[in-house]
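Take a look at the structure set out below.
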Amino acid sequence: MSTVKSIKLVLPKHEVYLAGSSIAGQLVLKLRSTLVDPVVKVELVGRGYLEWNEEDSPYLDYSRSIVCRNQAVYISKAQNFHVDDGWLDSGDHTFDFHFSFPPGLPSTFTSKIGFISYFIQGICSCREIVLAKEKKYLLLQGTFGSHGEDLKDMDPLVVEARKDVVYLCCFSRGSVILRIYLEKNIFSPGETIVFMTDISNRTCKYIRKVVFAVHCIVLYRGFDGRGEQRSLENRSEVTRLESWTNTAPFQVMRVTSTLVLPKPLPVTSMLTGSEIMSFRYELVGTSNLPCTLSTMVGRVPLIVAVPENSSGEQSTENPCENEGDNSEGNALDRDISGKDPETTEIKSSE
């Protein structure tokens with residue numbers, strides 16, 4: 001029977017931590033009997049890892065896949081607790097700890113190809129044998145960086161997409177025009193995106209539905225077994241909304257829609273030498289045109305940003321004085337026109 005009855009991490013109830021903020025908590029250790037020369041510590045670790053398979057060379061007569069990998073350590077800190085007289089008596093023992101998250105950390109992220117995760121773990125060991133350990137994962141929201149100030153004042157965006165179609169059944173042709181209006185294109189994680197869409201139906205068929213989604217485009221960078229650099233771009237949906245419009249032939253419909261961004265969410269970034277993945281975002285409107293194989297697609301670039309000066313909002317009070325720090329590694333036409341008097345307006349929300 002182990003000397004350690006239980007080990008527990010007591011953490012504040014923050015759902016999401018910001019890069020640059022701090023975390024304080026307690027490690028509660030329950031012992032059945034006296035423990036001599038114990039080592040009690042708490043570790044804060046953040047790391048990223050990615051892996052995917054791809055064909056080695058398309059010019060080969062046979063198929064040979066290779067594995068591409070990469071990894072990074074974003075934070076690795078430890079706080080060791082001093083034990084008076086070199087032993088702990090039976091009963092309950094409480095240890096206070098405190099850590100600070102460096103600014104510039106990337107957000108928690110998970111996909112089929114890679115992940116960025118943060119966790120805190122408490123360990124009790126004796127003579128290099130781990131007697132008890134508990135791990136808890138944390139959600140961390142990264143900040144935009146120093147150039148976020150340059151993006152405060154940006155003009156509204158209007159994106160227009162047009163698709164010409166031919167109907168062989170009735171020997172007619174037409175077109176569909178999709179205009180997406182955004183008052184701004186910089187948003188924070190958890191913020192609501194409100195946008196308007198004009199659907200100009202210049203065909204003889206109804207436009208039944210438009211699907212809106214925010215796409216996250218991730219560029220992964222890894223290395224194969226020979227040490228050669230490889231990259232892979234992957235697109236996934238962050239949030240989605242189906243809007244039933246029923247736009248009649250030769251009419252214009254205006255739709256007001258909302259999409260809520262989740263939190264945490266990786267901020268828009270550019271791939272640098274120390275990063276294993278970068279992120280950018282698009283608001284995509286899609287409509288399958290009836291009686292054809294054509295699809296109307298409109299794309300609006302978005303910027304997801306969190307100002308660095310907001311990182312102190314979640315700092316915990318009364319930090320401990322002794323914080324261990326072993327290492328810190330490496331760290332997706334401008335004028336909005338007035339409403340057409342012949343335009344029918346509907347509203348949709350998520």
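Rounding to the nearest 0.5 Å gives a distance of 14.0 Å between CG of L139 and CZ of F109. Separation of atoms CG (L138) and CZ (F101) is listed at 5.0 Å; rounding is to 0.5 Å. Distance check, rounded to the nearest 0.5 Å: CG of N70 to CD1 of I113 gives 13.0 Å. We find the NZ-OG1 distance between K209 and T245 to be 10.0 Å, quoted to the nearest 0.5 Å. The distance from the OG atom of S175 to the CE atom of M296 is 8.0 Å, given to the nearest 0.5 Å. Considering CG of L157 and CD1 of I180, their distance stands at 11.0 Å, rounded to 0.5 Å.
Exactly one of L88, D92, L131 qualifies for a side-chain contact (heavy atoms from CB on, under 4.5 Å) with L29. That residue is L88.
Counting only heavy atoms from C-beta outward, the side chains of L18 and V306 approach each other to under 4.5 Å. By the 4.5 Å heavy-atom criterion applied to side chains, E237 and H215 are counted as neighbours. The closest side-chain heavy-atom distance from E51 to V67 is below 4.5 Å. In this structure, P189 and V16 have side chains that are not in contact, with every pair of non-hydrogen atoms separated by 4.5 Å or more. By the 4.5 Å heavy-atom criterion applied to side chains, P290 and I207 are counted as neighbours. Considering only heavy atoms from C-beta on, I217 comes within 4.5 Å of R235 through its side chain. Side chains of I193 and L182 form a contact here, defined as non-hydrogen atoms less than 4.5 Å apart. Residues V238 and P262 are in side-chain contact: their nearest non-hydrogen atoms beyond the backbone lie under 4.5 Å apart.
Under the 4.5 Å side-chain heavy-atom criterion for ILVMFWY residues, a single connected hydrophobic cluster contains both L302 and V218. At a threshold of 4.5 Å between side-chain heavy atoms, the hydrophobic network of Ile, Leu, Val, Met, Phe, Trp and Tyr places I116 and F223 in two separate groups. The hydrophobic cluster containing V4 also contains L9, counting ILVMFWY residues as joined when their side-chain heavy atoms lie under 4.5 angstrom apart, directly or transitively. Cluster membership for I123 and F81, using ILVMFWY side-chain heavy atoms within less than 4.5 angstrom, is not shared. If you chain together hydrophobic residues whose side chains sit under 4.5 Å apart, V284 and L241 never meet in one group.
In the displayed structure, K133 atom NZ is contacted under 6.0 Å by at most 12 heavy atoms of other residues, nucleotides or ligands. Heavy atoms from other residues, nucleotides or ligands lying under 6.0 Å from NZ of K30 number 12 at most. Taking a 6.0 Å sphere around OH of Y206, one finds it holds 12 or fewer heavy atoms contributed by other residues, nucleotides or ligands.
Side-chain N or O atoms of D224 include one that pairs as donor or acceptor with a backbone N or O of R226 at under 3.5 Å. T239 contributes no side-chain N or O that, together with a main-chain N or O of L261, makes up a donor-acceptor pair within less than 3.5 Å. Panel note: side chain R221, backbone E275; a donor-acceptor pair is recorded below 3.5 Å. Looking at E43, its side chain never comes within 3.5 Å of a backbone N or O of S76 through a donor-acceptor pair. The main-chain N or O of S65 is never found under 3.5 Å from a side-chain atom of N53 such that the two would form a donor-acceptor pair. Between the side chain of T286 and the main chain of V297, no donor-acceptor pair closer than 3.5 Å is present. Using modelled atom types, no side-chain atom of S100 and backbone atom of S22 make a donor-acceptor pair closer than 3.5 Å. For T258 (side chain) and T192 (main-chain N/O), no donor-acceptor pair under 3.5 Å exists by modelled atom type. Between the side chain of S200 and the main chain of V176, no donor-acceptor pair closer than 3.5 Å is present.
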side-chain contact (heavy atoms from CB on, under 4.5 Å) between F97 and I120, worked out: CA-CA 11 Å; F97 64 86; I120 193 165; 3.3 Å; yes

Trace of the side-chain contact (heavy atoms from CB on, under 4.5 Å) decision for V194 with E183: CA-CA 8 Å; V194 181; E183 288 291 343; over 6 Å; no

Decide side-chain contact (heavy atoms from CB on, under 4.5 Å) for I199 and L178; before the verdict, give the C-alpha distance in whole Å, the side-chain angles of both, and the deciding distance to 0.1 Å. CA-CA 5 Å; I199 306 165; L178 196 70; 3.7 Å; yes

Apply the test side-chain contact (heavy atoms from CB on, under 4.5 Å) to residues Y181 and D198: give CA-CA distance (whole Å), side-chain angles for both, the deciding distance (0.1 Å), then the verdict. CA-CA 8 Å; Y181 303 85; D198 283 348; 3.0 Å; yes

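G298 approaches A161 most closely through the heavy-atom pair CA-CB, 3.9 Å. Considering every non-hydrogen atom in both I7 and A132, the closest pair reads CG2-CB, 3.7 Å. The nearest pair of heavy atoms linking A305 to S188 is O-OG, 3.2 Å. Of all heavy-atom pairs spanning T247 and Q251, the tightest one is CG2-O, 3.7 Å. Across all their heavy atoms, T292 and V166 have their closest contact at CG2-O, 4.5 Å. Between T203 and P249 the shortest heavy-atom distance is O-CB, 3.1 Å.
For Y17 and Y118, the gap between ring centers reaches or exceeds 6.0 Å.
Under a 4.0 Å N-O distance rule, the pair E160/R162 does not qualify as a salt bridge. Checked for salt-bridge contact, E242 and R240 meet the test: a charged N lies under 4.0 Å from a carboxylate O.
Donor-acceptor pairing under 3.5 Å is recorded for the side chains of Y220 and S111.
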